[in-house]
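Just below is one structure, and these are the notes that go with it.
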Amino acid sequence: EKKLAETNQLLSNPTADLRLPENTRRFRQQFRDEISYLSRILCLSTTPKDLLLWAHYADSHRGVCLSFDGSSPKLADAEPVKYRSVRPTIYPLKDSLDKTRNSAYFVKSTHWTYEQEWRILEHTLGGSVHRDLKSALVGVILGSRISASDRAFVLKCVEKLDPRPKVYQARISQSRFAILTSPVAET
């Protein structure tokens, strides 16, 4: 709320010239802070077996990958990320809210194209977001380096779900740069 007040003060000050570099930097930082405070993003990928995704987002293969039914109504508002070589310029005072939103939330560098990312954006007014995705969950992939205790915990959680998603164990291929999966027997 303090950040919102600072931004409003800057915008309502008739002597504050937003073309001045110090005001532009201050406004952009406040705008970023507001976005972080007011919004939550769920990031999804269409590539569950990408080595880099496992290294970056699954604690170097010690985590899990949740697989969702992409046709579920729970994910109907997911939007694809656009990958660009040029960073978008955001003019929140001039651009439409949709253009600002799309530039701020749905554009990434072409270096990240391998992620094949989709995002769901929720505005929270600083609160938390709880989107129940259990009915859309169709699979769980256990990382190739998951600990025995984490594996047992995840399997126990999966047993409580109805419908129960399929569970797979990942392993790193010995002959290729690839992740292989095999079904985990139900207990």
Side-chain angles (χ1 to χ4, degrees), residues 32 35-84 88 98 101-187:
R32 280 188 212 104
I35 286 173
S36 296
Y37 177 74
L38 297 174
S39 305
R40 298 294 179 262
I41 300 174
L42 173 62
C43 301
L44 305 158
S45 174
T46 60
T47 58
K49 295 182 182 179
D50 187 282
L51 286 167
L52 283 176
L53 289 177
W54 278 92
H56 292 160
Y57 302 114
D59 193 21
S60 294
H61 304 267
R62 289 186 285 265
V64 299
C65 172
L66 304 177
S67 297
F68 295 99
D69 175 0
S71 65
S72 169
K74 301 273 187 175
L75 301 171
D77 53 346
E79 297 180 46
V81 168
K82 294 167 188 68
Y83 300 96
R84 305 282 188 257
D98 276 346
R101 170 191 163 280
N102 288 337
S103 295
Y105 293 109
F106 293 97
V107 176
K108 289 176 80 169
S109 165
T110 54
H111 294 93
W112 299 98
T113 303
Y114 70 91
E115 291 185 341
Q116 299 180 32
E117 186 176 352
W118 287 67
R119 290 181 173 180
I120 296 176
L121 174 65
E122 303 239 345
H123 297 290
T124 66
L125 299 176
S128 63
V129 172
H130 177 76
R131 182 180 284 228
D132 187 353
L133 296 174
K134 285 184 278 207
S135 64
L137 184 65
V138 294
V140 176
I141 303 173
L142 305 169
S144 62
R145 297 176 61 206
I146 194 167
S147 69
S149 61
D150 286 346
R151 185 179 200 279
F153 175 77
V154 171
L155 292 175
K156 190 174 185 178
C157 290
V158 166
E159 284 177 14
K160 296 176 185 175
L161 297 174
D162 185 30
R164 188 179 295 181
K166 295 182 190 253
V167 181
Y168 302 89
Q169 178 64 59
R171 62 184 168 80
I172 307 284
S173 170
Q174 298 301 306
S175 60
R176 298 177 303 134
F177 293 110
I179 293 176
L180 307 173
T181 58
S182 54
V184 171
E186 290 189 31
T187 56

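None of these values were measured; they are calculated from a predicted model.
Considering all non-hydrogen atoms of both residues, Arg84 and Lys82 come closest at NH2-CD, 3.4 Å. In terms of heavy atoms, Ser109 sits closest to His111 at OG-ND1, 2.6 Å. In terms of heavy-atom proximity, Leu75 sits nearest to Gly70 at CD1-CA, 4.3 Å. In plain terms, the two heavy atoms of Ile179 and Ala170 that are nearest each other are CG2-CB, 3.8 Å. Here the shortest heavy-atom pairing between Tyr57 and Trp112 reads OH-CZ3, 4.1 Å.
Under the side chain to side chain contact (heavy atoms under 4.5 Å, CB included) criterion, Pro80 pairs with Trp118, sequence neighbours left out. Considering only residues two or more places apart in sequence or on other chains, Thr46 meets the side-chain hydrogen bond (donor to acceptor under 3.5 Å, both in side chains) condition with Gln116. The salt bridge (Lys or Arg N to Asp or Glu O under 4.0 Å) search around Asp150 returns none, not counting sequence neighbours. Considering only residues two or more places apart in sequence or on other chains, Ala152 meets the side chain to side chain contact (heavy atoms under 4.5 Å, CB included) condition with none of them. Under the rule for a salt bridge (Lys or Arg N to Asp or Glu O under 4.0 Å), the partners of Lys108 that lie at least two apart in sequence or sit in another chain are Glu115, Glu117. Residues satisfying the side chain to side chain contact (heavy atoms under 4.5 Å, CB included) criterion with Lys166, sequence neighbours excluded, are Tyr168. Scored by the salt bridge (Lys or Arg N to Asp or Glu O under 4.0 Å) test, Asp59 finds Arg62 as partners (sequence neighbours excluded). Residues forming a side-chain hydrogen bond (donor to acceptor under 3.5 Å, both in side chains) with Arg151 (at least two apart in sequence, or on another chain): Gln169. Ser60 meets the side-chain hydrogen bond (donor to acceptor under 3.5 Å, both in side chains) test with no other residue; sequence neighbours excluded.
With hydrogens and angles ignored, the 3.5 Å screen pairs no side-chain donor or acceptor of Arg119 with any backbone N or O of Cys43. No side-chain donor-acceptor contact under 3.5 Å links Trp54 to the backbone of Gly63.
Residue pairs meeting the salt bridge (Lys or Arg N to Asp or Glu O under 4.0 Å) criterion with at least one member in residues 48-57: none, sequence neighbours excluded. For residues 64-78, the set of pairs meeting the salt bridge (Lys or Arg N to Asp or Glu O under 4.0 Å) definition, not counting sequence neighbours, comprises Asp77-Arg131.
If you take OH on Tyr105 and CD1 on Ile41, they are separated by 6.0 Å, rounding to the nearest 0.5 Å. In this structure, CG in Leu155 is found 8.0 Å from CD1 in Ile146, a value given to the nearest 0.5 Å.
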Take Phe177 and Leu51, measure what side-chain contact (heavy atoms from CB on, under 4.5 Å) needs, and give me the verdict at the end. CA-CA 8 Å; Phe177 293 110; Leu51 286 167; 3.9 Å; yes

Using a 3.5 Å cut-off and no angle test, enumerate the donor-acceptor pairs between side-chain atoms of residues 132-144 and protein atoms at least two apart in sequence or in another chain.
unit_1: Asp132; atom_1: OD1; unit_2: Lys134; atom_2: N; d: 3.1

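The shortest side-chain heavy-atom distance between Val167 and Val154 does not fall under the 4.5 Å cut-off. With contacts defined as side-chain heavy-atom distances shorter than 4.5 Å, the pair Ser149/Phe153 does not qualify. Contact annotation: the side chain of Leu121 never approaches that of Glu79 to less than 4.5 Å [non-hydrogen atoms, C-beta and beyond].
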